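Notes follow once the structure below has been shown.
Just so it is clear, the values below take in all heavy atoms, side chains as well, and ignore hydrogens, waters and symmetry mates. Residue numbers count from 1 along this sequence. Note that the structure is predicted; figures quoted are calculated from it, not measured.
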Amino acid sequence: MRILVVGAGAIGGYFGGRLLQAGRDVTFLVRPRRASELASAGLVIKSPNGDVTLKDPKTVQADKLAEKFDVVLLSCKAFDLDDAIKSFATAVGPNTAIIPMLNGMKHLDVLDQKFGAGRVLGGLCAIAATLNEKREVVQLQPMQSINYGERDGKLSDRVKAIDEAFRSGINGASASQNIMQDMWEKWVFLSTLAASTSLMRTSVGNILAAPGGRDFLLGMLDETSAIAAASGYAPGGPFFERVKGNLTTEGSPMTASMFRDIKAGLPVEADHVIGDLIARGDAAKVPVPKLRIAYTHLKAYEKQRMG
């Protein structure tokens with residue numbers, strides 16, 4: 001199975017690196033600068049689950065990409081999606097499976113339109129990782145997971161083959177027969193955390209310690225959950241209880257990566273993660289006053305950032 005990992009940043013570098021470490025046929029689609037870094041220093045992963053340096057991993061640049069791949073693992077940010085699609089489009093053949101690990105749902109429509117829904121699986125991952133100043137992939141916590149599956153819930157032969165390949169190298173890799181539910185539940189949690197910690201510019205614990213903080217967090221969760229339910233994917237069961245627990249843990253240092261990006265002056269996925277959720281809420285006539293304030297805040301940040 002030939003696997004093309006689009007990018008070798010924190011997420012693509014980590015999961016692609018673990019597959020390469022396990023002997024899988026992995027090629028990283030990268031820009032010239034990253035290709036040079038990987039050629040000289042290798043792909044370096046620093047992790048509580050074990051460090052590794054992978055010497056001279058296979059890389060390709062978009063203008064040299066000619067072959068077709070069995071699997072494309074896509075882990076870019078939403079605002080880079082159009083450029084990413086242009087870069088890997090020539091690698092997609094009749095039997096290629098694309099596994100996007102972006103947050104939200106809007107990217108599925110974009111990928112379906114370009115490649116056809118039959119080539120696009122559902123996918124998501126959970127990992128805390130970053131690139132350090134040496135351009136090494138650093139995993140910040142031992143927790144990690146990656147899930148993928150047919151969007152109709154069938155356990156197809158191609159998903160079984162992908163699962164076998166991924167499980168051989170990645171702890172926490174798992175095929176899902178409920179991938180759309182999984183993606184919606186992650187979106188509910190992520191959007192609640194991102195909207196809340198970005199708007200309040202602080203951690204869950206500090207919000208909880210403020211007057212009205214608990215009601216604010218749970219109110220945001222109610223809004224995002226109501227949109228999911230109206231879309232046919234009501235969150236519930238163990239996941240929902242775990243999320244509620246995460247959002248009501250006194251002293252929790254938890255923040256969203258979106259908030260950390262704001263602090264660093266970086267672009268944010270305001271439209272993809274929050275704006276699209278509001279649009280779906282409007283279509284279903286679900287009132288979302290807290291989400292709207294958070295979205296206005298994010299768009300004002302974007303305007304300020306662009307000067």
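At least one donor-acceptor pair under 3.5 Å links the side chain of Glu223 to the backbone N or O of Lys290. Proximity of a side-chain donor or acceptor of Asp163 to a complementary backbone N or O of Val159 within less than 3.5 Å is not detected. At least one donor-acceptor pair under 3.5 Å links the side chain of Lys186 to the backbone N or O of Cys125. No donor-acceptor pair closer than 3.5 Å links the side chain of Arg34 to the backbone N or O of Val30. For the pair Asp271 (side chain) and Gly275 (backbone), a donor-acceptor distance under 3.5 Å is absent. Counting only distance, with no hydrogens or angles, the side chain of Thr96 and the backbone of Gly93 share a donor-acceptor pair below 3.5 Å. Not one N or O on the side chain of Ser231 forms a donor-acceptor pair closer than 3.5 Å with the backbone of Tyr233. Checked by atom type and distance alone, the side chain of Thr249 never pairs as donor or acceptor with a backbone atom of Ser252 at under 3.5 Å. Side-chain N or O atoms of Ser36 include none that pairs as donor or acceptor with a backbone N or O of Pro32 at under 3.5 Å. Panel note: side chain Arg2, backbone Val71; no donor-acceptor pair is recorded below 3.5 Å.
A ring-centre distance under 6.0 Å is not found for Phe240 and Phe189.
Counting heavy atoms from C-beta on, the side chains of Met180 and Leu108 come closer than 4.5 Å. Here the side chains of Met220 and Ser191 are not in contact, with every heavy-atom distance at 4.5 Å or above. The shortest side-chain heavy-atom distance between Met143 and Ile127 does not fall under the 4.5 Å cut-off. Counting heavy atoms from C-beta on, the side chains of Phe216 and Leu199 come closer than 4.5 Å. Counting only heavy atoms from C-beta outward, the side chains of Ile179 and Glu150 never approach each other to under 4.5 Å.
At most 12 non-hydrogen atoms from other residues, nucleotides or ligands lie less than 6.0 angstrom from CZ of Arg31. Other residues, nucleotides and ligands place more than 12 heavy atoms under 6.0 Å from the CZ atom of Arg135.
Put simply, OG on Ser75 and CG on Leu102 are 8.0 Å apart, with the number rounded to the nearest 0.5 Å. Met183 CE to Asn103 CG: the interatomic distance, rounded to the nearest 0.5 Å, is 8.5 Å.
For the residue pair Asn171/Gln144, the side-chain donor-acceptor check at 3.5 Å is not satisfied. A donor atom on one side chain and an acceptor atom on the other are not found under 3.5 Å apart for Thr255 and Ser203.
Ion pairing between a basic and an acidic side chain is recognised when a charged N comes within 4.0 Å of a carboxylate O; Arg151 and Asp112 show such pairing. Using a cut-off of 4.0 Å between Lys/Arg side-chain N and Asp/Glu carboxylate O, Glu37 and Arg33 are scored as salt-bridged. Ion pairing of Lys114 with Asp109 is absent here, as no side-chain N (NZ or NE/NH1/NH2) approaches a carboxylate O to less than 4.0 Å. Salt bridge annotation for Lys244-Glu241: absent, with no cationic side-chain nitrogen under 4.0 angstrom from a carboxylate oxygen.
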- Task: Report the C-alpha distance between Ser176 and Asp182 in whole Å, list the side-chain angles of each, state the deciding distance to 0.1 Å, and finish with yes or no for side-chain hydrogen bond (donor to acceptor under 3.5 Å, both in side chains).
- Result: CA-CA 8 Å; Ser176 171; Asp182 298 340; 2.6 Å; yes

